[in-house]
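Remember, it's 1-based here, ligands and their atoms both numbered in the order they're listed.
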Amino acid sequence: MRGVVFLGDRELVLQEFPDPTPGPGEVVIEMKASGMCGSDLHTYRAPKGGAAASLGLGGNVTQVIAGHEPCGVVVARGSGVSDRQAQIGQRMMNFHYDGCGVCHHCRQGWSQMCIEGATVYGFTGHGGHAPYMRIPASTLVPLPDELSFVEGAAISCGAGTAYNALRRMGVRGGSTLAIFGQGPVGLAATLFAGAMGARVFAVDIAPERLALARSFGAEQTINSAAEEPIRLLKEWTHGQGVEFALDASGAPEARAAAVRACRAWGTACFVGEGKTVTLDVSQDMLRKQLTLIGSWTFNITGQADCARYVADNRIPLERLFTHRFALDEAEAAYRLFDNQTIGKGVFVF
Ligand SMILES: [Zn+2]
Ligand SMILES: [Zn+2]
């Protein structure tokens, strides 16, 4: 089979790999959808040979199949995999991290935080941008019947990250919420928060993405290349600022603006990976009684909860996907995604 491998410096190849066969406790899933996530761009853009260091990950991330939003069907089971874990033909997502299974974090389903170090599928283990993928059965998350494979792909990282950040923040009906960055995570947050009844103010620098945000239920949009987000957010909230601000961009200015746009007793949350930010702690946080949350994706039960939420509340998650590609089109797909003007892209098989 052929899988997408990022070479660094915005180059990728479709490289030949042997078809995987499952070992003990493992399954092979046949891919039906494999999403493109903002964090893929970090590896795609990293200098040749420097991707692992830039991501803070061990191993050589440029020799693995990319894609950490896989969704498909179980086609092979290794020894020791029970019927309750996986049945042939069962529709499955993958929790894209695997750890020791024994440490405190692993036992709580947060294997990305494993004290022994985690395998991250699509970065340090073979991911979903290929027709088949071998994974431990313990990383499978069943896809509810109501959901499509592309929706399962979205939940597997970008949308799941957005959902779990909103839950941690405690966003509820009537809340005012500013979302900085309307890439795949920010757009999913806009969609979910709108469905939860929050008043969403969406910020980005791409008019295309702001138009999507508006169509997903954002009450107002701000193009921060031309407009001043903090001033507008205060204006729309009677001078107070927003109750909640989410940064999905990772940009230092947006992170600082998210904190500063919050009103007294507000909550800001960082989900976008990026560079450092400088804050005036007294002015920006302490005197405002601000709560600041760092939120890194979700745990394995959080992924299942998000899928259940999308199914039960009929969230139109498919609308996130503005582009669908065949795997052969990977080069053009990532070149387009790199412009950061489209919604979410997905490979369909
Ligand atoms: Zn562990
Ligand atoms: Zn991701």
How are the rings of Y97 and W296 set relative to one another: parallel (under 30°), tilted (30 to 60°) or perpendicular (over 60°)?
perpendicular

Metal site the Zn ion (ligand 1): N/O/S of H105 inside 2.8 Å:
no

With no hydrogens and no angle check, do the side chains of Q240 and R263 hold a donor and an acceptor under 3.5 Å apart?
yes

Using salt bridge (Lys or Arg N to Asp or Glu O under 4.0 Å) as the criterion, list what pairs up with R214, not counting sequence neighbours.
none

Angle at the Zn ion (ligand 1): provide the value between SG of C114 and SG of C106, rounding to 10 degrees.
100°

Just jot down the side-chain hydrogen bond (donor to acceptor under 3.5 Å, both in side chains) partners of H96, sequence neighbours excluded, or say none.
none

By ring-ring contact (aromatic ring centres under 6.0 Å, His included), Y44 pairs with (sequence neighbours left out) F6, Y334

Between E273 and S39, is any side-chain donor less than 3.5 angstrom from a side-chain acceptor?
no

Yes or no on side chain to side chain contact (heavy atoms under 4.5 Å, CB included) for L177 and M169, after CA distance, side-chain angles and deciding distance?
CA-CA 10 Å; L177 166 68; M169 294 167 85; 4.2 Å; yes

Give every protein N, O or S atom lying under 2.8 Å from the Zn ion (ligand 2), naming each by residue and atom.
C37 SG, H68 NE2, C157 SG

